[in-house]
Amino acid sequence: MFSSHEALAQPRRTLLDAGAAGRVAAVPQGMGEELRLTRNGRTLWKARTQRFTPFRDGAPVPIGDDATAIGIIGWTGGAYCCWTLHLFRQGSAGLAHIASLPLGKRDPDEIRLAPPDGPAIQIADAGFDFWEAPISRAADLHPTIPFRWSGRALEPDIAAMRRPVAAALGTACIEMAAPEGFPPPEQRVTTYADPDTAIAALRAQDWRSPGGRHPGVEAARLATCMIYAGHAAEAQRLQRAAWPAGVPGLAETERQIAARIACSPFAAAVRAANAPGAPLLGGRCQPQGPDQVAVFSLGWR
């Protein structure tokens with residue numbers, strides 16, 4: 001990473017040059033940089049952050065239907081957070097910005113955009129990072145969003161989001177981080193055959209004095225994956241059935257799930273993937289609201 005002084009000292013840099021079709025440049029701006037897509041002297045799109053760099057040395061990024069894009073990474077600064085992948089593609093009208101994908105605290109050098117037998121691009125919703133505490137070792141629930149190339153933009157694939165419950169309890173929601181020397185993400189996630197098996201496994205754990213990660217975190221992970229797979233009502237049923245009577249945290253967990261979904265950039269897609277009136281999806285985004293961190297007060301970390 002770069003210190004704020006180093007980022008401030010960076011000169012204007014052209015990161016993507018398509019000639020008359022347009023160019024993308026990082027321009028010094030305050031204590032950071034502004035990324036600008038320009039054509040014929042006009043700024044068509046821009047974003048600001050601490051520092052911008054080419055994604056994987058400018059190698060083409062497959063986006064589906066044999067199409068590719070070029071990625072540029074934006075980094076906000078800080079020890080663990082956060083990165084965004086900005087994608088650009090040259091079309092008949094010129095160079096265009098087609099997506100900005102939030103990666104959260106996932107190192108761009110270690111992510112895997114395409115899961116096995118999955119879409120060209122699938123990302124974890126970074127809004128569910130830092131689940132039970134604002135520290136680096138807190139859990140990331142990583143509900144996933146598959147994307148499709150529409151011919152004009154890269155957008156959430158709502159039809160592909162609707163996955164069977166068994167998939168949501170399996171490997172539908174796996175981490176993007178795939179560092180060398182570690183098993184692939186699909187081998188590092190706990191899976192369950194069906195909701196009743198998941199409920200039994202969760203209830204068998206020690207909820208009052210857990211030695212490691214609190215079972216409520218795993219319950220929330222399964223619930224959010226089920227919601228992102230189109231099964232919000234079943235997700236709520238699973239959580240409530242698994243949570244032992246008298247153990248605090250269920251209400252806080254439900255409030256935090258609803259609050260994080262409401263402020264997710266993919267909230268509209270999640271609602272569209274579920275039935276009308278599904279639970280946990282009707283909230284209004286309040287970025288600084290207490291429900292965003294309701295679980296923090298439980299002291300699970």
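If you read the sequence from its start, that first residue is 1, and numbering goes on from there. These values consider heavy atoms only, across backbone and side chains, with no hydrogens, waters or symmetry-generated copies. Quantities reported herein were computed from a predicted structural model and do not represent experimental measurements.
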### Sequence neighbours excluded, every pair satisfying side chain to side chain donor-acceptor pair (under 3.5 Å) that has a member inside residues 271-293
Arg255-Asp291
### Query
Would Ile199 end up clustered with Leu169 when hydrophobic side chains under 4.5 Å apart are linked, directly or stepwise?
yes
#### Entry: Side chain to side chain, Thr38 and Arg23, heavy atoms closer than 4.5 Å
yes
### Student check: side-chain heavy atoms of Leu202 and Trp243 closer than 4.5 Å
no
### Message
Once rounded to the nearest 0.5 Å, what's the spacing between atom CZ of Phe55 and atom CH2 of Trp83?
### Response
12.5 Å
#### Entry: ILVMFWY cluster, Val247 and Ile257 together (side-chain gap under 4.5 Å)
yes
### Contact summary for Arg39 and Leu95, nearest pair of heavy atoms
NH2-O, 2.6 Å
### Query
To the nearest 0.5 Å, what is the distance between OG (Ser100) and CZ (Phe88)?
6.5 Å
### Task
Kindly say whether Trp75 contributes a backbone atom to a donor-acceptor pair with the side chain of Thr49 at under 3.5 angstrom?
yes
### Query
For the side chain of Gln256 and the backbone of Ala294, is there at least one donor-acceptor N/O pair under 3.5 Å apart?
yes
### Task
List the steps and the verdict of side-chain contact (heavy atoms from CB on, under 4.5 Å) for Val189 and Arg221.
CA-CA 11 Å; Val189 65; Arg221 183 187 72 82; 3.3 Å; yes
### Query
Has the side chain of His97 got a donor or acceptor atom that lies under 3.5 Å from a matching backbone atom of Ala99?
yes
### Query
Quick one: CD1 on Ile227 to CD1 on Ile261, what's the gap to the nearest 0.5 Å?
4.0 Å
### Query
With distance as the sole test, does Thr84 use its side chain to make a donor-acceptor pair with the main-chain N or O of Gly74 at under 3.5 Å?
no
### Task
Of all the heavy-atom pairs spanning Trp300 and Gly249, show the shortest one and how long it is.
CZ2-CA, 4.3 Å
### Query
If you round to the nearest 0.5 Å, how far is CG of Asp129 from CG of Leu141?
8.5 Å
### Query
Just wondering, do Val217 and Arg301 contact through their side chains at under 4.5 Å, heavy atoms?
no
#### Entry: Same cluster (ILVMFWY, side-chain, under 4.5 Å), Leu298 and Leu250
yes
### Query
Going only through I, L, V, M, F, W and Y residues with side-chain contacts under 4.5 Å, is there a path from Leu85 to Leu15?
no
### Task
Indicate yes or no for a side-chain donor-acceptor contact from Thr171 to the backbone of Thr191 under 3.5 Å, with no hydrogens or angles considered.
no
### Query
Side-chain contact, heavy-atom cut-off 4.5 Å: Thr253 with Trp131?
yes
### Message
Grouping I, L, V, M, F, W and Y whenever their side-chain heavy atoms are under 4.5 Å apart, do Met176 and Leu101 come out in a common cluster?
### Response
yes
### Task
Using the disulfide (SG to SG under 2.5 Å) rule, collect all pairs that involve residues 248-301, keeping only residues at least two apart or in two chains.
Cys263-Cys285
### Task
Mind listing the closest non-hydrogen atom pair of Ala138 and Ala133 along with its distance?
CB-O, 3.1 Å
### Task
Report yes or no: does Arg188 contribute a side-chain atom to a donor-acceptor pair with the main-chain N or O of Pro183 at less than 3.5 Å?
yes
### Message
Looking at Arg152, I'd like to know if its CZ atom is crowded, meaning that more than 12 non-hydrogen atoms belonging to other residues, nucleotides or ligands lie closer than 6.0 Å.
### Response
no
### Message
Using only atom types and a distance under 3.5 Å, with no angle test, would you say the side chain of Arg36 pairs donor to acceptor with the backbone of Lys46?
### Response
no
### Summary
Arg162 and Ala273 have their tightest heavy-atom pair at NE-O, 3.3 Å
### Query
Just by modelled atom types, is the Thr68 backbone N or O under 3.5 Å from a matching donor or acceptor in the Arg89 side chain?
yes
#### Entry: Any donor-acceptor N/O pair, Arg213 side chain to Glu218 backbone, under 3.5 Å
no
### Summary
Tightest non-hydrogen contact, residues Lys105 and Ile135, listed as NZ-O, 4.3 Å
## Note on the structure
In short, Glu254 meets Gln236 closest at the heavy-atom pair OE2-CG, 3.6 Å
### Query
Do the non-hydrogen side-chain atoms of Val24 and Ile70 ever get within less than 4.5 Å of each other?
no
### Message
My understanding is that only one of Glu180, Glu175, Glu186 makes a salt bridge (charged side-chain N to carboxylate O under 4.0 Å, His left out) with Arg112; could you say which?
### Response
Glu186
Under 3.5 Å, side-chain donor or acceptor atoms of residues 114-125 against the rest of the protein: list the pairs with distances, not counting sequence neighbours.
residue : atom : partner : partner atom : Å
Asp125  : OD1  : Gly127  : N            : 2.9
Asp125  : OD2  : Tyr228  : OH           : 2.6
Asp125  : OD2  : Ser264  : OG           : 2.6

### Query
If you round to the nearest 0.5 Å, how far is CG of Asp196 from CG of Leu238?
8.5 Å
### Query
Given Ile145 and Met161, is the side-chain contact (heavy atoms from CB on, under 4.5 Å) satisfied, shown in steps?
CA-CA 6 Å; Ile145 305 97; Met161 287 177 68; 4.3 Å; yes
### Query
How are the rings of Phe52 and His86 set to each other: parallel, tilted or perpendicular (split at 30° and 60°)?
tilted
### Message
Donor-acceptor pair, distance only, cut-off 3.5 Å: does the side chain of Asp206 make one with the backbone of Arg208?
### Response
yes
## Note on the structure
CD1 of Ile111 to CG of Leu103, rounded to nearest 0.5 Å, is 4.5 Å
